[in-house]
Amino acid sequence: MTARIIDGVKLAASIREDVAKRAANLTAAGMRPGLAVILVGSDPASQVYVRNKVAACEKAGLHSVMEQYPADMTQEELLKRIQALNADPTIHGILVQLPLPKHIDSHLVIETIAASKDVDGFHVSNAGLLMTGKPLFRPCTPYGVMKMLESEKVEIRGAVAVIVGASNIVGKPMAMLLQSAGATVTICNSKTRDLAWHTSHADIVVVATGKPRMVTGSMIKPGAVVIDVGINRTPEGKLCGDVDFESAKEVVSAITPVPGGVGPMTIAMLLVNTIEAAERARANT
Ligand code: GUN
């Protein structure tokens with residue numbers, strides 16, 4: 001079978017173009033959409049992610065503020081910064097890059113972000129709205145995956161979807177979005193017995209484990225669609241996903257590459273969430 005390679009770079013570019021038009025309209029109407037990104041510490045991967053997010057904002061005409069703090073910043077100082085950004089009318093979206101240093105309670109930090117500015121969609125009130133089918137913000141990575149499935153015209157209604165990885169950032173919200181779209185969803189985790197049994201019965205497999213190439217072609221049903229959320233570096237310094245692309249592409253009908261798959265979509269959907277936050281703020285003024 002010749003697999004379709006789902007081009008996240010191309011789809012993300014078209015989404016960013018649409019965001020740029022909406023940003024220009026808002027700016028012309030006197031409200032430039034603004035995103036604040038906070039990074040605590042100097043994790044090299046997080047620094048790259050945050051820089052990419054801020055650069056994408058600038059390119060789409062959004063105002064962006066990047067605040068970088070040392071790893072020993074206190075929790076109280078961070079909460080104060082968030083409260084100031086909550087009250088700042090030029091900022092419509094706030095993102096605190098995860099993971100945070102161990103002495104900071106991530107849950108408390110997320111709950112301190114105003115739900116209306118929580119462009120990650122991680123606040124409990126946004127998680128609850130997503131779960132009950134009335135999302136305000138959809139978490140960026142799962143939202144990007146849904147857009148990819150949509151653009152590929154993948155039938156979600158009635159499909160069997162298996163998600164490998166049960167994080168709050170990807171796995172759990174991914175399950176909610178697929179379930180709302182009519183899929184029958186299983187979330188697998190690191191304790192799942194016979195993971196291959198689950199994955200090999202799925203029409204759609206989403207993998208977000210952080211374990212390089214752990215899902216191989218022999219674990220996939222012929223013709224399934226595979227979405228690889230992972231991004232890992234091999235000992236040789238090459239990027240690879242959580243799926244073994246070479247063996248998987250021989251059995252799937254469509255698959256996302258790494259790099260150039262889900263990664264660019266996560267950033268594009270962050271811009272969508274920010275523009276939506278700004279449009280809502282404008283409607284409420
Ligand atoms: N760390 C890894 N992915 C994400 C994300 O989508 N948002 C935030 N804030 N941190 C992350």
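Atoms within a ligand are numbered from 1 in the order they appear, just like the ligands themselves. Counting from 1, the numbers follow the sequence of the chain as shown.
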Exactly one of Ile255, Ile227, Leu149, Val226 should register a side-chain contact (heavy atoms from CB on, under 4.5 Å) with Ile6. Which one does?
Ile227

I need the single residue from Asn273, Leu136, Ile113, Val124 that forms a side-chain contact (heavy atoms from CB on, under 4.5 Å) with Asp118. Which is it?
Ile113

Please tell me if the side chains of Met146 and Leu178 come closer than 4.5 Å, counting only heavy atoms from C-beta onward.
yes

pair Leu271-Ile15: side-chain heavy atoms closer than 4.5 Å:
no

Hey, is Lys249 close enough to Glu246 for a salt bridge, meaning N to O under 4.0 Å?
yes

Note: ligand 1 atoms sitting under 4.0 Å from heavy atoms of Leu95 are 9 (N)

Indicate yes or no: does an N/O atom of [X] lie under 3.5 Å from an N/O atom of ligand 1?
X	result
Val96	yes
Gln97	yes
Asp120	yes

My understanding is that we take every heavy atom of each candidate and find the minimum distance to atom 4 (C) of ligand 1. Doing that for Leu100, Ile169, Ile267, which one comes out nearest?
Ile169

Among all protein heavy atoms, pick out the one at the shortest distance from atom 1 (N) of ligand 1; state its residue, atom name and that distance to 0.1 Å.
Leu98 O, 2.9 Å

Does any donor atom in the side chain of Glu58 or Ser64 lie under 3.5 Å from an acceptor atom in the other side chain?
yes

Could you tell me whether ligand 1 has any atom less than 4.0 Å away from a heavy atom of Phe122?
yes

